[in-house]
Amino acid sequence: VADVQTRSHGADDYTVFLRDSQDCLARLITAIEDDDVARIMRQIARNRALLAGLSRIGGRTIETTELARLVEIALDHGATAKSSGAGGGDCGIALCPPATDLVALRAAWETAGIRPLDLSVYSQEELDAIADRLNNRPRAIHGFYPPIAVYQAMLEKLTQASHSLQ
C-alpha cells in the first residue's frame, strides 16, 4: 500500500481513496448488521471499483485477469466477488446469496482454472459442539482418556494440594 501511495498522482488521490474506502466499509458493516444482501453486494462491488481506481492511480495491478474472471463468473451466477489480500493474483472472495447455485458456480470456476476453497461460517452453537467433540475424544497421548478428563484430574490434584497447604 505504501508503494501505491507514493506512486499515486498526488496525496489527494490516495486520501480520497482512503476516505471512500472507510465510507464503503462503514456501509458494508451496516448492511451486514441489517442482513441486507442487496446492499452488501453493492458495497462489495463498490470496494472492487475503489481498488480498481487505486490500481490506476498507483500503477500497480491489484486485480489480475484471473481474479477478474472469478468476479465475472460469480456475477453470472448471482453472487458478488472481489480480490482479497494484497492483490496481484493471490486470491479472491465471493459472497453468495442463499439462492446461488453453488454447484454450478464451483463448476464454472473449475472450468476456468479457478480453484475454490471450502470455507464455511459456523454459529457459536456449532463451534461449541465441535469443541465439545474434540475435548471429549480419547487421545493416545493422554492414555486414551479425553483431554477434558485429564485436565479435570489435574485441577482436582491442584485443588487438593492447595487445601493440604492451608
Side-chain angles (χ1 to χ4, degrees), residues 1 4 17-55 61-159:
V1 172
V4 171
F17 165 77
L18 289 177
R19 183 198 65 221
D20 291 348
S21 293
Q22 288 171 339
D23 179 66
C24 179
L25 177 61
R27 290 174 187 258
L28 177 60
I29 290 169
T30 301
I32 291 169
E33 290 171 344
D34 293 344
D35 198 22
D36 187 329
V37 173
R39 283 179 26 225
I40 292 168
M41 292 179 74
R42 279 196 304 273
Q43 293 311 312
I44 295 295
R46 181 178 174 210
N47 180 259
R48 181 181 180 220
L50 289 168
L51 289 171
L54 180 63
S55 181
T61 300
I62 293 175
E63 184 178 275
T64 63
T65 305
E66 293 83 4
L67 287 171
R69 187 71 186 123
L70 176 143
V71 173
E72 291 166 12
I73 292 169
L75 293 172
D76 288 346
H77 287 82
T80 190
K82 63 176 276 309
S83 62
S84 177
D90 57 351
C91 63
I93 61 166
L95 299 178
C96 306
T100 306
D101 182 347
L102 298 177
V103 173
L105 176 59
R106 288 178 66 92
W109 277 338
E110 289 170 358
T111 299
I114 297 166
R115 185 174 45 111
L117 302 175
D118 284 325
L119 303 175
S120 299
V121 177
Y122 293 94
S123 68
Q124 187 61 53
E125 185 177 302
E126 291 168 318
L127 291 172
D128 291 344
I130 292 167
D132 188 56
R133 222 173 27 251
L134 291 172
N135 288 328
N136 287 296
R137 187 179 73 205
R139 308 278 174 84
I141 195 167
H142 295 308
F144 294 98
Y145 289 99
I148 193 84
V150 173
Y151 300 134
Q152 285 172 340
M154 289 171 61
L155 284 174
E156 286 174 17
K157 279 185 179 179
L158 289 171
T159 303

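Residue numbers start at 1 and run along the sequence shown.
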Taking all non-hydrogen atoms of both residues into account, name the closest pair between [X] and [Y] and its distance.
| X | Y | result |
| --- | --- | --- |
| Ser55 | Thr61 | OG-CA, 3.8 Å |
| Glu126 | Val121 | OE1-O, 4.2 Å |
| Arg106 | Pro116 | NH1-CB, 3.7 Å |
| Ile40 | Leu95 | CG2-CD1, 3.8 Å |
| Pro97 | Ala79 | CD-CA, 3.9 Å |
| Gly78 | Met41 | O-CE, 3.4 Å |

**Request:** Tell me, please, which residues at least two apart from Arg39 pass side chain to side chain contact (heavy atoms under 4.5 Å, CB included).
**Result:**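 Expected list: Thr30, Ala31, Asp34, Asp36, Arg42.
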Roughly how far, to the nearest 0.5 Å, is the [atom2] atom of [Y] from the [atom1] atom of [X]?
| X | Y | atom1 | atom2 | answer |
| --- | --- | --- | --- | --- |
| Leu105 | Glu110 | CG | CD | 9.5 Å |
| Leu51 | Ile62 | CG | CD1 | 5.0 Å |
| Ile44 | Ile93 | CD1 | CD1 | 5.0 Å |
| Leu54 | Ser21 | CG | OG | 7.5 Å |
| Ser84 | Glu63 | OG | CD | 12.0 Å |
| Leu50 | Arg48 | CG | CZ | 12.0 Å |

**Prompt:** If you measure from the Lys or Arg side-chain nitrogens to the Asp or Glu carboxylate oxygens, is any gap between Arg19 and Asp23 under 4.0 Å?
**Reply:**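 Judged by the 4.0 Å cut-off on N to carboxylate O distance, Arg19 and Asp23 do not form a salt bridge.
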**Prompt:** Ion pair present between Arg69 and Glu66, side-chain N to carboxylate O less than 4.0 angstrom?
**Reply:**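 Not counted as a salt bridge, because no side-chain N and carboxylate O are separated by less than 4.0 Å.
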Name the atoms and distances for all side-chain donor-acceptor pairs under 3.5 Å in residues 136-158, with sequence neighbours left out.
unit_1, atom_1, unit_2, atom_2, d
Asn136, ND2, Asp132, O, 2.8
Asn136, ND2, Asp132, OD1, 2.8
Arg139, NH2, Leu134, O, 2.8

**Counterpart residues, salt bridge (charged side-chain N to carboxylate O under 4.0 Å, His left out), relative to Asp35 (two or more places apart)** = none
**Request:** Answer whether the closest heavy-atom distance between the side chains of Gln43 and Asn47 falls below 4.5 Å.
**Result:** no
**Asked** Is there a side-chain contact between Arg46 and Leu28, using heavy atoms and a 4.5 Å cut-off?
**Response** no
**Asked** Does a donor on one side chain sit under 3.5 Å from an acceptor on the other, for Gln124 and Asp128?
**Response**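 Asp128 and Gln124 do have a side-chain donor-acceptor pair below 3.5 Å.
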